[in-house]
Number of protein chains: 2
Amino acid sequence: MRIGELARKTDVPPRMLRYYEEQGLVTPRRLDNGYREYDEYLVDRVRKIRGLLDAGIPTRIIGAILPCLGQTSAIVVDDPDPELRAMLVEQHDKMIERIAFFEQNRDALSRYIDAMDRAAATGD
Amino acid sequence: MRIGELARKTDVPPRMLRYYEEQGLVTPRRLDNGYREYDEYLVDRVRKIRGLLDAGIPTRIIGAILPCLGQTSAIVVDDPDPELRAMLVEQHDKMIERIAFFEQNRDALSRYIDAMDRAAATGD
DNA sequence: CTTGACCTTCACATGGGTGTGATAGTCAGA
DNA sequence: TCTGACTATCACACCCATGTGAAGGTCAAG
């Protein structure tokens, strides 16, 4: 598919898709036109990129961990790079931290909203 | 405490503490000097701000939800503002999304790291 | 009284993600 | 063949969180 369709499917503007390419996160083929041609599996990839970006993770890190986030992980394991491993472990630990942090916030918001609702029900 | 001590305790540079104040996220008292004087409870608050900021949440949103993240939530419920409620629900839902997303990534990283380790153990 | 560690404000810079507009090529359909 | 909806590249500009440095005030300790 071309850039417009991918943009629609992922809700990521073409401008950003080109930017991700510039950052090495996606590498679409080119048609004879020069038009970018995206494979279907990139839809998922772009969504993943957006999620990570929204979470404040910079493209540099995203580029490093993205190949490791596929469900078919068995494929890509062939270089026992200890540096890569360290970085993955680091990001893994950060994920755990983030989860704990968000769970707290989720619960706190939950409580607060409930309290609001109860106050509204009572106060009426 | 003064800004330097708070900076040490929270690992947030003074520059940023002043910035948070400018954004209305913390409002320290002032000594006769003009020096900022922070209450102890702000340590926690600043840590929370950092967490949210690291998670890619802009100061505008943080300012809105911060008062609702305290453990003593019962105190602050007195204005049944439907707009505020909507925003809180929205942020609450986003927290849930984020958690799910991070859990996926955590698991994927976990799997990948395990695979690396197994490959290394076998390949040796 | 001076030094040094703190604090103040102000201002300018930077980096990353994003918006926007200019200019131009491609191509399907009326 | 021309129009309109795509696409391309390039460039400038923005927002926001941060860094950094200048110029100066406060205050405790030597």
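Reminder, nothing fancy here: chain letters follow the sequence lines and each chain counts from 1.
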Before giving the answer on side-chain contact (heavy atoms from CB on, under 4.5 Å), spell out for A/L17 and A/V46 the whole-Å C-alpha distance, their side-chain angles and the decisive distance to 0.1 Å. CA-CA 8 Å; A/L17 294 175; A/V46 168; 3.8 Å; yes
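Between A/R50 and B/I3, the residue whose closest nucleotide on DNA chain C is further toward the 5' end is B/I3.
We find that CD of A/E22 is positioned 10 Å from P of D/dT9, with the value rounded to whole Å. Here the C1' atom of nucleotide D/dC6 and the CG atom of A/L31 are 12 Å apart, to the nearest Å.
A 4.5 Å side-chain heavy-atom check between A/M87 and A/I61 finds at least one atom pair inside the cut-off. Looking at A/M16 and A/T10, their side chains never come closer than 4.5 Å, going by heavy atoms from C-beta outward. Annotation: side chain of A/N105 is not in contact with side chain of B/I65 (no heavy-atom distance under 4.5 Å). Using a 4.5 Å heavy-atom threshold, the side chains of B/L52 and B/L69 count as touching. With a 4.5 Å cut-off on side-chain heavy atoms, B/M95 and B/H92 do not count as touching.
First and last contacting nucleotides of DNA chain C toward chain A (any atom under 4.0 angstrom from a heavy atom, 5' to 3' order): C/dG16 to C/dC27.
Both tests do not hold together for B/R2 against B/Y35: distance to the six-membered ring centre under 6.0 Å, angle to the ring axis within 45°.
The phosphate of D/dT7 has neither OP1 nor OP2 within less than 4.0 Å of any side-chain N or O from A/R36.
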Output one line per pair: protein atom, nucleotide atom from nucleotides 27-30 of chain D, and distance, for all N/O pairs under 3.5 Å.
unit_1, atom_1, unit_2, atom_2, d
D/dC27, OP1, B/N33, OD1, 2.4

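Among residues two or more places apart in sequence or in another chain, the side chain to side chain donor-acceptor pair (under 3.5 Å) test is passed with A/D39 by A/R29. Every salt bridge (Lys or Arg N to Asp or Glu O under 4.0 Å) that A/E90 has, sequence neighbours left out, goes to A/K94. For A/E40, the salt bridge (Lys or Arg N to Asp or Glu O under 4.0 Å) partners are A/K9, not counting sequence neighbours. Qualifying salt bridge (Lys or Arg N to Asp or Glu O under 4.0 Å) partners for A/E37, counting only residues two or more places apart in sequence or in other chains: none. Listed by chain and number, the residues in a salt bridge (Lys or Arg N to Asp or Glu O under 4.0 Å) with A/R85 are B/D117 (sequence neighbours excluded).
Counting only residues at least two apart or on different chains, no salt bridge (charged side-chain N to carboxylate O under 4.0 Å, His left out) pair has a member in residues 60-69 of chain A. Pairs of residues two or more places apart, or lying in two chains, that qualify as side-chain hydrogen bond (donor to acceptor under 3.5 Å, both in side chains) and include a residue from residues 11-22 of chain A are A/Y20-A/R50, A/E21-A/R30, A/E21-A/R36.
Linking ILVMFWY residues whenever their side-chain heavy atoms come closer than 4.5 Å, directly or via other members, leaves B/I96 and B/V89 in distinct clusters.
Looking at residues 4-19 of chain B, you'll see B/P13, B/R15, B/M16, B/Y19 sit with a heavy atom under 4.0 Å from some atom of DNA chain D. Residues from residues 54-64 of chain B placing a heavy atom under 4.0 Å of any atom in DNA chain C do not occur.
Between its opening and closing five pairs, the helix from C/dC1-D/dG30 to C/dA30-D/dT1 changes axis direction by 10°, a value rounded to 10 degrees.
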